[in-house]
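Keep in mind that what you see is a predicted model, and the values were worked out from it rather than measured. Indexing begins at 1, ligand by ligand and atom by atom, following the structure's order.
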Amino acid sequence: MPHPLTAGLGVAALLAATLPLGGAAEPNYDEAAVRPYTLPDVLAGPDGRPAADAAAWRAVSRPHQLELLEKCVYGRRLPAVPVTVVGAVERADVTLAGDVKATRLQARLRLGEAADARAIDVLVYLPPTDRPVPVFLELNVSGNQAQHADPGIWLSRAWVRNDAAAGITDHRATAASRGARARRFPVERMLARGYGMATACCGDVFPDRPDGRPDSVLPSLGRPVNGGLPVDEPGAIAAWAWGLSRILDWLVTLPEVDATRVVVVGHSRLGKAALWAGACDERFAMVVSNESGCGGAALERRDYGETVAVITTSFPHWFCPAFAAFAGREAELPVDAHVTLAMTAPRPLYVASAIDDAWADPRGEFLAAVAAEPAWRLCGRVGLGTADWPPVDTPVGRTVGYHVRRGRHDLVEYDWQRFADFADRTLRGR
Ligand code: GTR
(Lines give C-alpha, C1' and ligand atoms only; values in the text may rest on other atoms or scores of the structure.)
Protein backbone atom coordinates (compact mmCIF):
# COMPACT_ATOMS: atom_id res chain seq x y z
CA MET A 1 0.00 0.00 0.00
CA PRO A 2 1.41 3.39 -0.91
CA HIS A 3 2.25 5.54 2.07
CA PRO A 4 -0.37 8.29 2.47
CA LEU A 5 2.30 10.96 2.23
CA THR A 6 3.58 9.75 -1.12
CA ALA A 7 0.35 8.61 -2.75
CA GLY A 8 -1.47 10.91 -5.10
CA LEU A 9 -0.23 14.22 -3.73
CA GLY A 10 1.67 16.83 -5.71
CA VAL A 11 4.93 18.10 -4.32
CA ALA A 12 3.46 21.50 -3.62
CA ALA A 13 0.64 20.00 -1.57
CA LEU A 14 3.08 17.76 0.24
CA LEU A 15 5.38 20.58 1.11
CA ALA A 16 2.53 22.89 2.08
CA ALA A 17 1.30 20.18 4.42
CA THR A 18 4.73 19.97 5.92
CA LEU A 19 5.73 23.20 7.49
CA PRO A 20 5.18 22.40 11.14
CA LEU A 21 8.50 23.88 12.10
CA GLY A 22 8.21 27.43 10.83
CA GLY A 23 11.62 26.87 9.27
CA ALA A 24 14.18 24.37 10.45
CA ALA A 25 14.23 23.88 14.23
CA GLU A 26 17.54 23.99 16.06
CA PRO A 27 19.16 20.55 16.02
CA ASN A 28 19.22 18.75 19.34
CA TYR A 29 22.57 17.78 20.85
CA ASP A 30 21.29 16.72 24.25
CA GLU A 31 21.21 12.93 24.60
CA ALA A 32 18.74 13.23 27.50
CA ALA A 33 16.33 15.19 25.30
CA VAL A 34 16.08 12.55 22.56
CA ARG A 35 12.41 11.65 22.34
CA PRO A 36 11.48 7.97 22.54
CA TYR A 37 10.80 6.38 19.16
CA THR A 38 9.77 3.05 17.68
CA LEU A 39 11.39 1.80 14.50
CA PRO A 40 9.49 0.10 11.69
CA ASP A 41 10.15 -3.64 11.39
CA VAL A 42 13.11 -4.10 9.08
CA LEU A 43 11.85 -7.54 8.03
CA ALA A 44 8.26 -6.51 7.23
CA GLY A 45 6.68 -7.37 3.91
CA PRO A 46 3.79 -5.50 2.25
CA ASP A 47 1.28 -7.11 4.64
CA GLY A 48 3.27 -5.86 7.62
CA ARG A 49 4.30 -9.35 8.64
CA PRO A 50 8.01 -10.08 9.11
CA ALA A 51 9.77 -12.48 6.76
CA ALA A 52 10.08 -15.89 8.39
CA ASP A 53 13.23 -16.97 6.60
CA ALA A 54 15.95 -15.81 4.24
CA ALA A 55 13.98 -16.85 1.15
CA ALA A 56 10.97 -14.74 2.18
CA TRP A 57 13.27 -11.82 2.97
CA ARG A 58 14.82 -11.98 -0.49
CA ALA A 59 11.61 -12.56 -2.42
CA VAL A 60 9.17 -10.35 -0.53
CA SER A 61 10.43 -8.15 2.30
CA ARG A 62 13.66 -6.85 0.81
CA PRO A 63 12.02 -5.71 -2.47
CA HIS A 64 9.23 -4.13 -0.46
CA GLN A 65 11.60 -2.25 1.84
CA LEU A 66 13.75 -1.19 -1.12
CA GLU A 67 10.68 0.22 -2.83
CA LEU A 68 9.76 2.20 0.29
CA LEU A 69 13.25 3.69 0.32
CA GLU A 70 12.84 4.60 -3.35
CA LYS A 71 9.46 6.25 -2.79
CA CYS A 72 10.24 8.12 0.41
CA VAL A 73 13.97 8.86 0.47
CA TYR A 74 16.17 8.40 -2.60
CA GLY A 75 13.76 8.24 -5.56
CA ARG A 76 13.20 5.55 -8.13
CA ARG A 77 16.17 3.50 -9.28
CA LEU A 78 17.60 4.55 -12.62
CA PRO A 79 18.03 2.05 -15.46
CA ALA A 80 21.42 0.72 -16.50
CA VAL A 81 22.83 1.99 -19.81
CA PRO A 82 25.70 0.72 -21.96
CA VAL A 83 29.05 2.13 -20.85
CA THR A 84 31.75 2.73 -23.43
CA VAL A 85 35.34 3.89 -23.11
CA VAL A 86 35.97 7.14 -24.98
CA GLY A 87 39.22 6.70 -26.88
CA ALA A 88 41.34 4.16 -25.04
CA VAL A 89 42.12 3.27 -21.46
CA GLU A 90 45.39 4.98 -20.47
CA ARG A 91 47.68 2.54 -18.66
CA ALA A 92 50.92 3.63 -16.99
CA ASP A 93 53.41 2.04 -14.63
CA VAL A 94 54.15 4.58 -11.93
CA THR A 95 56.27 4.81 -8.80
CA LEU A 96 54.48 6.56 -5.97
CA ALA A 97 55.76 7.95 -2.67
CA GLY A 98 57.85 5.52 -0.65
CA ASP A 99 58.91 3.74 -3.85
CA VAL A 100 55.50 2.07 -4.16
CA LYS A 101 55.06 0.58 -7.63
CA ALA A 102 51.61 0.78 -9.16
CA THR A 103 49.70 0.55 -12.36
CA ARG A 104 47.64 3.68 -12.99
CA LEU A 105 44.60 3.41 -15.23
CA GLN A 106 42.55 6.33 -16.46
CA ALA A 107 39.47 6.10 -18.60
CA ARG A 108 36.75 8.43 -19.76
CA LEU A 109 33.50 6.47 -19.68
CA ARG A 110 30.54 7.53 -21.76
CA LEU A 111 27.37 6.77 -19.85
CA GLY A 112 24.76 5.62 -22.33
CA GLU A 113 24.01 6.13 -25.98
CA ALA A 114 21.76 9.19 -25.84
CA ALA A 115 22.88 12.25 -27.81
CA ASP A 116 23.27 14.10 -24.52
CA ALA A 117 24.95 11.19 -22.68
CA ARG A 118 27.54 12.40 -20.18
CA ALA A 119 31.03 11.13 -19.49
CA ILE A 120 32.90 10.38 -16.28
CA ASP A 121 36.68 10.22 -15.75
CA VAL A 122 37.76 7.25 -13.66
CA LEU A 123 41.16 6.89 -11.98
CA VAL A 124 42.39 3.50 -10.76
CA TYR A 125 45.60 2.47 -8.98
CA LEU A 126 46.45 -1.22 -8.79
CA PRO A 127 49.23 -2.95 -6.90
CA PRO A 128 51.66 -4.98 -9.01
CA THR A 129 50.23 -8.49 -9.00
CA ASP A 130 49.51 -11.28 -11.42
CA ARG A 131 46.17 -12.04 -9.77
CA PRO A 132 42.95 -10.00 -9.85
CA VAL A 133 42.75 -7.73 -6.80
CA PRO A 134 39.85 -6.45 -4.69
CA VAL A 135 39.21 -2.76 -5.26
CA PHE A 136 37.78 0.07 -3.17
CA LEU A 137 35.67 2.44 -5.28
CA GLU A 138 34.94 5.92 -3.93
CA LEU A 139 33.42 9.02 -5.47
CA ASN A 140 35.20 12.28 -4.69
CA VAL A 141 34.06 15.91 -4.51
CA SER A 142 37.03 17.88 -5.83
CA GLY A 143 38.11 15.93 -8.89
CA ASN A 144 40.50 13.02 -9.34
CA GLN A 145 43.53 15.32 -9.43
CA ALA A 146 42.82 16.32 -5.81
CA GLN A 147 42.95 12.68 -4.66
CA HIS A 148 46.69 12.22 -5.21
CA ALA A 149 49.70 14.40 -6.08
CA ASP A 150 50.61 12.19 -9.07
CA PRO A 151 51.09 14.81 -11.86
CA GLY A 152 49.83 12.35 -14.46
CA ILE A 153 46.24 12.47 -13.21
CA TRP A 154 43.86 14.16 -15.61
CA LEU A 155 42.47 17.47 -14.33
CA SER A 156 38.77 17.06 -13.71
CA ARG A 157 36.43 18.76 -16.16
CA ALA A 158 33.54 18.55 -13.70
CA TRP A 159 31.85 21.39 -11.85
CA VAL A 160 33.39 21.20 -8.39
CA ARG A 161 32.76 23.09 -5.19
CA ASN A 162 35.03 26.07 -4.63
CA ASP A 163 37.85 25.42 -2.19
CA ALA A 164 40.27 28.33 -2.11
CA ALA A 165 42.77 26.43 0.05
CA ALA A 166 42.87 23.73 -2.62
CA GLY A 167 43.18 26.22 -5.46
CA ILE A 168 39.66 25.57 -6.72
CA THR A 169 38.00 28.83 -7.69
CA ASP A 170 35.30 29.44 -10.22
CA HIS A 171 34.17 25.81 -9.73
CA ARG A 172 36.90 24.45 -11.98
CA ALA A 173 39.77 22.18 -11.02
CA THR A 174 43.23 23.69 -11.51
CA ALA A 175 46.74 22.32 -11.19
CA ALA A 176 46.94 24.00 -7.77
CA SER A 177 44.43 21.44 -6.45
CA ARG A 178 46.63 18.45 -7.24
CA GLY A 179 46.85 16.23 -4.18
CA ALA A 180 44.77 18.64 -2.06
CA ARG A 181 42.62 15.77 -0.75
CA ALA A 182 45.30 13.05 -0.82
CA ARG A 183 45.19 12.75 2.96
CA ARG A 184 41.74 11.22 2.53
CA PHE A 185 42.78 8.74 -0.16
CA PRO A 186 45.84 6.77 1.01
CA VAL A 187 46.70 5.01 -2.24
CA GLU A 188 50.17 3.80 -1.24
CA ARG A 189 49.03 2.29 2.07
CA MET A 190 46.02 0.54 0.58
CA LEU A 191 48.03 -0.84 -2.34
CA ALA A 192 50.52 -2.19 0.20
CA ARG A 193 47.63 -4.14 1.74
CA GLY A 194 46.75 -5.66 -1.63
CA TYR A 195 43.82 -3.44 -2.58
CA GLY A 196 43.24 -1.38 -5.70
CA MET A 197 41.84 2.14 -5.33
CA ALA A 198 39.37 3.61 -7.81
CA THR A 199 37.80 7.05 -7.80
CA ALA A 200 35.77 9.48 -9.90
CA CYS A 201 34.31 12.92 -9.33
CA CYS A 202 30.65 13.08 -8.31
CA GLY A 203 30.33 16.30 -10.32
CA ASP A 204 30.64 14.33 -13.55
CA VAL A 205 27.36 12.61 -12.63
CA PHE A 206 25.45 15.35 -10.83
CA PRO A 207 27.08 18.72 -10.04
CA ASP A 208 26.47 19.16 -6.32
CA ARG A 209 24.30 22.27 -6.35
CA PRO A 210 20.54 22.77 -6.12
CA ASP A 211 20.30 23.73 -9.81
CA GLY A 212 22.64 20.94 -10.94
CA ARG A 213 19.94 18.71 -12.38
CA PRO A 214 20.03 19.99 -16.01
CA ASP A 215 23.82 19.42 -16.04
CA SER A 216 23.54 15.94 -14.55
CA VAL A 217 23.10 12.52 -16.15
CA LEU A 218 19.34 12.71 -15.53
CA PRO A 219 18.26 14.42 -18.80
CA SER A 220 20.14 11.77 -20.79
CA LEU A 221 18.10 9.15 -18.91
CA GLY A 222 14.87 10.86 -19.91
CA ARG A 223 14.21 12.27 -16.45
CA PRO A 224 12.48 15.64 -16.04
CA VAL A 225 14.59 18.53 -14.84
CA ASN A 226 12.23 21.46 -14.45
CA GLY A 227 8.89 22.22 -12.92
CA GLY A 228 7.09 20.06 -10.43
CA LEU A 229 9.05 16.86 -10.13
CA PRO A 230 7.27 13.60 -9.27
CA VAL A 231 7.52 12.94 -5.52
CA ASP A 232 9.64 9.85 -6.14
CA GLU A 233 11.94 11.54 -8.68
CA PRO A 234 15.58 10.59 -8.03
CA GLY A 235 17.97 13.33 -6.95
CA ALA A 236 21.73 13.71 -6.73
CA ILE A 237 22.27 10.80 -4.31
CA ALA A 238 20.42 8.40 -6.60
CA ALA A 239 22.35 9.73 -9.59
CA TRP A 240 25.69 9.31 -7.78
CA ALA A 241 24.73 5.76 -6.79
CA TRP A 242 23.83 5.03 -10.40
CA GLY A 243 27.20 6.46 -11.49
CA LEU A 244 28.97 4.09 -9.08
CA SER A 245 27.19 1.17 -10.73
CA ARG A 246 28.21 2.35 -14.20
CA ILE A 247 31.84 2.58 -13.07
CA LEU A 248 31.46 -0.94 -11.71
CA ASP A 249 30.19 -2.05 -15.14
CA TRP A 250 33.59 -1.06 -16.49
CA LEU A 251 35.75 -2.15 -13.53
CA VAL A 252 34.50 -5.73 -13.78
CA THR A 253 35.75 -5.93 -17.36
CA LEU A 254 39.36 -5.28 -16.26
CA PRO A 255 41.43 -8.46 -15.95
CA GLU A 256 43.36 -6.95 -13.01
CA VAL A 257 40.18 -6.41 -10.96
CA ASP A 258 38.51 -9.12 -8.88
CA ALA A 259 34.92 -8.53 -10.00
CA THR A 260 33.56 -10.41 -7.00
CA ARG A 261 35.36 -8.15 -4.51
CA VAL A 262 34.62 -4.55 -5.38
CA VAL A 263 33.89 -2.46 -2.27
CA VAL A 264 31.86 0.73 -2.54
CA VAL A 265 32.94 3.35 -0.02
CA GLY A 266 31.85 6.92 0.58
CA HIS A 267 32.33 9.75 3.02
CA SER A 268 29.50 11.94 4.29
CA ARG A 269 27.16 12.92 1.40
CA LEU A 270 28.96 10.36 -0.72
CA GLY A 271 28.57 7.85 2.11
CA LYS A 272 24.83 8.23 1.65
CA ALA A 273 25.39 7.54 -2.06
CA ALA A 274 27.58 4.50 -1.30
CA LEU A 275 24.84 3.01 0.89
CA TRP A 276 22.23 3.54 -1.80
CA ALA A 277 24.57 2.14 -4.49
CA GLY A 278 25.09 -1.00 -2.40
CA ALA A 279 21.33 -1.29 -1.85
CA CYS A 280 20.51 -1.00 -5.55
CA ASP A 281 23.41 -3.03 -6.90
CA GLU A 282 24.23 -6.30 -5.21
CA ARG A 283 27.35 -6.73 -7.32
CA PHE A 284 29.09 -4.53 -4.75
CA ALA A 285 30.62 -7.15 -2.49
CA MET A 286 30.92 -4.86 0.53
CA VAL A 287 29.62 -1.42 1.47
CA VAL A 288 31.33 1.23 3.61
CA SER A 289 29.59 4.28 5.03
CA ASN A 290 31.92 6.83 6.57
CA GLU A 291 30.06 9.37 8.68
CA SER A 292 27.10 9.45 6.29
CA GLY A 293 24.74 10.80 8.97
CA CYS A 294 21.25 12.05 8.18
CA GLY A 295 19.83 10.46 5.04
CA GLY A 296 22.56 7.83 5.38
CA ALA A 297 23.39 5.59 8.33
CA ALA A 298 21.93 7.72 11.16
CA LEU A 299 18.39 7.02 12.39
CA GLU A 300 16.03 9.82 11.31
CA ARG A 301 13.64 9.15 14.19
CA ARG A 302 16.37 9.95 16.70
CA ASP A 303 16.20 13.71 16.91
CA TYR A 304 19.90 14.33 17.41
CA GLY A 305 22.10 16.34 15.07
CA GLU A 306 21.08 17.03 11.48
CA THR A 307 17.36 16.67 10.75
CA VAL A 308 15.27 15.96 7.67
CA ALA A 309 14.08 19.59 7.81
CA VAL A 310 17.63 20.94 7.74
CA ILE A 311 19.05 18.60 5.14
CA THR A 312 16.20 18.95 2.67
CA THR A 313 16.36 22.73 3.00
CA SER A 314 20.14 22.98 2.62
CA PHE A 315 20.35 20.32 -0.08
CA PRO A 316 16.98 20.22 -1.86
CA HIS A 317 18.58 18.35 -4.78
CA TRP A 318 19.90 15.34 -2.86
CA PHE A 319 16.76 13.27 -2.16
CA CYS A 320 13.45 12.66 -3.90
CA PRO A 321 10.90 15.43 -3.21
CA ALA A 322 8.85 13.13 -0.93
CA PHE A 323 11.61 13.05 1.70
CA ALA A 324 11.13 16.75 2.55
CA ALA A 325 7.53 15.97 3.47
CA PHE A 326 8.80 14.00 6.48
CA ALA A 327 10.51 17.03 8.02
CA GLY A 328 9.34 17.22 11.62
CA ARG A 329 7.31 14.04 11.13
CA GLU A 330 10.07 11.45 10.92
CA ALA A 331 7.90 9.02 12.90
CA GLU A 332 5.65 8.75 9.83
CA LEU A 333 8.47 7.53 7.59
CA PRO A 334 7.70 3.90 6.70
CA VAL A 335 11.46 3.22 6.75
CA ASP A 336 14.51 4.48 8.62
CA ALA A 337 18.29 4.21 8.33
CA HIS A 338 18.32 0.64 9.70
CA VAL A 339 16.38 -0.37 6.58
CA THR A 340 18.93 1.36 4.34
CA LEU A 341 21.70 -0.57 6.12
CA ALA A 342 19.79 -3.87 5.96
CA MET A 343 19.75 -3.64 2.15
CA THR A 344 23.41 -4.70 2.22
CA ALA A 345 22.58 -8.01 3.97
CA PRO A 346 23.87 -10.65 3.82
CA ARG A 347 26.97 -8.94 2.41
CA PRO A 348 29.51 -7.29 4.69
CA LEU A 349 28.75 -3.70 5.72
CA TYR A 350 31.02 -1.29 7.59
CA VAL A 351 29.68 1.80 9.34
CA ALA A 352 32.22 4.33 10.60
CA SER A 353 31.52 7.31 12.87
CA ALA A 354 33.64 10.01 14.53
CA ILE A 355 32.99 11.02 18.12
CA ASP A 356 33.14 14.79 17.56
CA ASP A 357 30.89 14.57 14.49
CA ALA A 358 27.69 15.24 16.46
CA TRP A 359 26.01 16.63 13.33
CA ALA A 360 26.08 13.11 11.84
CA ASP A 361 24.88 11.53 15.14
CA PRO A 362 27.52 8.82 15.74
CA ARG A 363 25.36 6.97 18.25
CA GLY A 364 22.41 7.10 15.85
CA GLU A 365 24.61 5.47 13.20
CA PHE A 366 25.52 2.70 15.65
CA LEU A 367 21.90 2.18 16.70
CA ALA A 368 20.84 1.83 13.07
CA ALA A 369 23.40 -0.95 12.65
CA VAL A 370 22.05 -2.62 15.81
CA ALA A 371 18.48 -2.37 14.49
CA ALA A 372 19.52 -3.87 11.13
CA GLU A 373 20.79 -7.04 12.85
CA PRO A 374 17.69 -9.19 12.09
CA ALA A 375 18.42 -8.99 8.35
CA TRP A 376 21.80 -10.68 8.80
CA ARG A 377 20.50 -13.13 11.41
CA LEU A 378 17.73 -14.26 9.08
CA CYS A 379 20.40 -15.00 6.47
CA GLY A 380 22.29 -17.12 8.98
CA ARG A 381 24.97 -14.56 9.79
CA VAL A 382 25.86 -12.45 12.77
CA GLY A 383 25.67 -8.76 11.88
CA LEU A 384 27.10 -6.39 14.46
CA GLY A 385 26.64 -8.96 17.21
CA THR A 386 26.53 -6.36 19.97
CA ALA A 387 24.19 -3.63 21.17
CA ASP A 388 26.81 -1.84 23.28
CA TRP A 389 28.23 1.29 21.73
CA PRO A 390 31.98 0.71 21.83
CA PRO A 391 34.56 3.17 23.18
CA VAL A 392 36.43 5.32 20.65
CA ASP A 393 38.94 3.62 18.38
CA THR A 394 37.58 0.17 19.24
CA PRO A 395 36.18 -1.59 16.15
CA VAL A 396 33.42 -4.14 16.76
CA GLY A 397 31.22 -6.45 14.73
CA ARG A 398 31.14 -9.54 12.56
CA THR A 399 29.47 -9.26 9.14
CA VAL A 400 28.59 -5.69 10.08
CA GLY A 401 31.59 -3.75 11.32
CA TYR A 402 31.55 -0.49 13.22
CA HIS A 403 33.90 1.97 14.81
CA VAL A 404 33.65 5.40 16.33
CA ARG A 405 36.97 7.12 15.81
CA ARG A 406 38.28 9.91 17.98
CA GLY A 407 38.17 13.26 16.21
CA ARG A 408 35.96 15.20 13.88
CA HIS A 409 34.06 14.75 10.62
CA ASP A 410 36.72 13.49 8.21
CA LEU A 411 38.02 10.42 6.40
CA VAL A 412 41.46 9.54 7.69
CA GLU A 413 44.09 6.83 7.57
CA TYR A 414 42.65 5.17 10.69
CA ASP A 415 39.31 4.70 8.91
CA TRP A 416 40.89 3.21 5.78
CA GLN A 417 43.01 0.79 7.80
CA ARG A 418 39.90 -0.48 9.59
CA PHE A 419 38.05 -0.84 6.26
CA ALA A 420 40.98 -2.92 5.00
CA ASP A 421 41.05 -5.03 8.20
CA PHE A 422 37.34 -5.71 7.79
CA ALA A 423 37.66 -6.53 4.07
CA ASP A 424 40.62 -8.80 4.84
CA ARG A 425 38.42 -10.75 7.23
CA THR A 426 35.05 -10.74 5.47
CA LEU A 427 36.06 -10.81 1.80
CA ARG A 428 39.42 -12.56 1.88
CA GLY A 429 39.00 -14.88 4.87
CA ARG A 430 42.14 -13.57 6.58
C1 GTR B 1 26.85 18.63 5.45
C2 GTR B 1 25.55 17.88 5.42
C3 GTR B 1 25.81 16.48 5.87
C4 GTR B 1 26.97 15.86 5.14
C5 GTR B 1 28.12 16.84 4.95
C6 GTR B 1 29.20 16.40 3.94
O7 GTR B 1 26.73 19.97 5.21
O8 GTR B 1 24.64 18.53 6.27
O9 GTR B 1 24.64 15.69 5.73
O10 GTR B 1 26.55 15.33 3.94
O11 GTR B 1 27.69 18.07 4.51
O12 GTR B 1 28.90 15.83 2.90
O13 GTR B 1 30.37 16.68 4.24
If you have a sec, work out which protein heavy atom is nearest [atom] and how many Å separate them, to one decimal?
atom: atom 13 (O) of ligand 1; answer: S268 OG, 2.8 Å
atom: atom 3 (C) of ligand 1; answer: E306 OE1, 3.3 Å
atom: atom 7 (O) of ligand 1; answer: F315 CZ, 3.4 Å

Under 3.5 Å between any N/O of S292 and any N/O of ligand 1: does that happen in this structure?
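No, S292 has no N/O under 3.5 Å of an N/O on ligand 1.
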
Is there a polar contact between ligand 1 and W318, counting only N or O atoms under 3.5 Å apart?
no

Who gets closest to atom 11 (O) of ligand 1 by heavy atom: H409, R269, H267?
R269

Would you call the rings of H148 and Y125 parallel, tilted or perpendicular if under 30° counts as parallel and over 60° as perpendicular?
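If you compare the ring of H148 with that of Y125, the planes turn out tilted.
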
Quick one: sort the W359 and Y29 rings into parallel, tilted or perpendicular, breaks at 30° and 60°.
tilted

Where the side chain of R405 meets the backbone of R408, is there a donor-acceptor pair that is under 3.5 Å apart?
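Present.
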
Going by heavy atoms in the side chains, are P348 and L427 under 4.5 Å from each other?
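The answer is yes, as the side chains (C-beta and beyond) meet within the 4.5 Å cut-off.
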
Numbering as shown, the atoms of ligand 1 that approach I311 to under 4.0 Å (heavy-atom distance):
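Near I311, meaning under 4.0 Å from one of its heavy atoms, ligand 1 has 9 (O).
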
Using the side chain to side chain contact (heavy atoms under 4.5 Å, CB included) criterion, which residues pair with D421? Sequence neighbours excluded.
R193, R418

Distance to the ring centre below 6.0 angstrom and angle to the axis at most 45 degrees; does that hold for R209 and W159?
yes

